[in-house]
Amino acid sequence: METVVSGIRSTGNLHLGNYFGALRNFIRIQHENRCFFFIADYHSLTTHPDPKLLHENVRNVLSEYLGAGVDPDTATLYIQSDVPQVTELYLLLNMHAYVGELERTSSFKDKVRKHADNVNAGLLTYPVLMAADILLHKADKVPVGKDQEQHLEMTRRFARRFNNIYGVEYFPESMPCDFGSGLIKVPGLDGNGKMGKSEGNGIFLIDSDKDIRKKVMRAVTDEGPKTPNSEMSEPVANIFSIMKIVSAPDTVEYFTEKYNSCEIRYGDLKKQLAEDIIACVAPIRERILEIRSNDAYLSKVVREGAEKARASAEKTVSEVREIMGFKKF
Ligand code: ADP
Ligand code: TRP
């Protein structure tokens, strides 16, 4: 049995990228492994959320995890800030994380470029906090999307460094979990890049059928193929990438052939894609709405999750303290 850990920041509603990149893979393996799934509310602080909205965001994401199928009776589902040991491990790992390597992280460089007015130390040490989340339960597998690959490499580097410095075989090599098909990147429908909360191009698990149709019908395309078997432009390739994730293989094949023979009508392609996304999202949305109004259930899940997560975290942190030389008087 392997240990699996993953989390998503509580900065907004979950979108198809979060679902197909991380959540669905977690859900697939939650019954066969020792699984921890959490809401990364500390990570969300790097962008200074409004205190009035913080709790609501966590509550929404919690309902979305549950609606998507995280089973709190099997997996340990918890809120990061309910487990104080994560901050202690973060502090300890920070002592062996070097400013130079943190400054070279692509996500950090990207934030510096985009938000030069808010380059806080939390942002710089974001990968250390993420490593603490993962190593807190000594995870073997981490279900994440492609954008988190570098953060996971850093987690492994911090783990190896710790093991080398203290001469132990304590932390495992935490590997991304991709089911052999490579890590997923769900593109946006706005022509380039990934789907993301901060990109403003999300199709959310909570979106109504009408919203989904509207968003998909607005997807950027091009003037259509001029010669048979021509290469797809990025916006069109992105539509096909999402179709490969949500639609049946013969649907993808049908539209690929239409594209290759220059007979494709993008309107038909989008209509089909919208219906296939709805078929996947609608049942999840219905469950989310039901769960979101059930306060007693949510607080029970959070309480029990925190207890289970703390037990695992406490064990790791006390072992780490001992390895590092802390002793009781
Ligand atoms: P966002 O990028 O929307 O702010 P997060 O950074 O909190 O979301 O990502 C949470 C998880 O969802 C991570 O595992 C990340 O890899 C995954 N993820 C986010 N966007 C995508 C995407 N477009 N494609 C694949 N995975 C994604
Ligand atoms: N950094 C991740 C993201 O933005 C979220 C995250 C925080 C995470 N801690 C984690 C993912 C631990 C997996 C494991 O997507």
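All residue numbers in this chain count up from 1 along the given sequence. What you see below is based on every heavy atom in this structure, not just the backbone, and it leaves out hydrogens, waters and symmetry mates. Both ligands and their constituent atoms are indexed starting at 1 by order of listing.
Nearest protein neighbour of atom 4 (O) of ligand 2, counting heavy atoms only, is Tyr126 OH, 2.8 Å. The protein atom (non-hydrogen) at minimum distance from atom 3 (C) of ligand 2 is Gln148 NE2, 3.3 Å. Gly7 O, 3.6 Å is the protein heavy atom nearest to atom 8 (C) of ligand 2.
Of the listed options Leu135, Asp133, Ile134, Ile134 places a heavy atom closest to atom 14 (C) of ligand 2.
Of all heavy-atom pairs spanning Leu89 and Ala132, the tightest one is CD2-O, 3.6 Å. Taking all atoms of both residues into account, the shortest heavy-atom contact from Ala116 to Val119 is O-CG2, 3.7 Å. In plain terms, the two heavy atoms of Ile27 and Ala68 that are nearest each other are CD1-O, 3.2 Å.
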Exercise. Show your reasoning for whether side chain to side chain donor-acceptor pair (under 3.5 Å) applies to Arg34 and Thr3.
Key: CA-CA 5 Å; Arg34 178 176 175 257; Thr3 299; 3.1 Å; yes

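Remark: side-chain polar atoms of Gln150 are paired, donor with acceptor, to backbone N or O of Ser106 under 3.5 angstrom. Looking at Asn201, its side chain does come within 3.5 Å of a backbone N or O of Gly196 through a donor-acceptor pair.
Within 6.0 Å of NZ in Lys210 there are 12 or fewer heavy atoms belonging to other residues, nucleotides or ligands.
Under a 4.0 Å criterion applied to the non-hydrogen atoms of Val144, ligand 2 contributes the atoms 11 (C), 13 (C). Each of the atoms 13 (C), 14 (C) of ligand 2 lies under 4.0 Å from some heavy atom of Ser6. Listed by number with element, the atoms of ligand 2 under 4.0 Å from a non-hydrogen atom of Val142 are 13 (C), 14 (C). For ligand 2, the atoms lying closer than 4.0 Å to a non-hydrogen atom of Arg9 are 4 (O). In summary, the atoms of ligand 2 found under 4.0 Å from a heavy atom of His43, numbered by their order in the structure, are 7 (C), 9 (N).
When non-hydrogen atoms are compared, ligand 2 lies under 4.0 Å from neither the backbone nor the side chain of Phe36.
When the options Asp295, Leu54, Val302 are evaluated for a side chain to side chain contact (heavy atoms under 4.5 Å, CB included) with Arg59, the one that passes is Asp295.
A heavy-atom cutoff of 4.0 Å around ligand 1 is satisfied by the protein residues Ile8, Arg9, His15, Gly17, Asn18, Gly21, Ala22, Val144, Gly145, Asp147, Gln148, Ile184, Lys185, Val186, Lys194, Met195, Gly196, Lys197.
For ligand 2, none of its N or O atoms has an N or O atom of Asp147 under 3.5 Å away.
With 3.5 Å as the limit, one finds no donor-acceptor pair spanning the side chains of Asn60 and Glu64.
Between Phe158 and His96, the ring center distance fails the sub-6.0 Å criterion.
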Residues 315-329 side chain polar contacts: donor-acceptor under 3.5 Å, at least two apart:
residue: Lys315; atom: NZ; partner: Glu319; partner atom: OE2; Å: 2.9
residue: Thr316; atom: OG1; partner: Leu136; partner atom: O; Å: 2.6
residue: Thr316; atom: OG1; partner: Ser312; partner atom: O; Å: 3.3
residue: Ser318; atom: OG; partner: Glu314; partner atom: O; Å: 3.2
residue: Ser318; atom: OG; partner: Lys315; partner atom: O; Å: 3.2
residue: Glu319; atom: OE1; partner: Tyr170; partner atom: OH; Å: 2.4
residue: Arg321; atom: NH1; partner: Glu88; partner atom: OE2; Å: 2.6

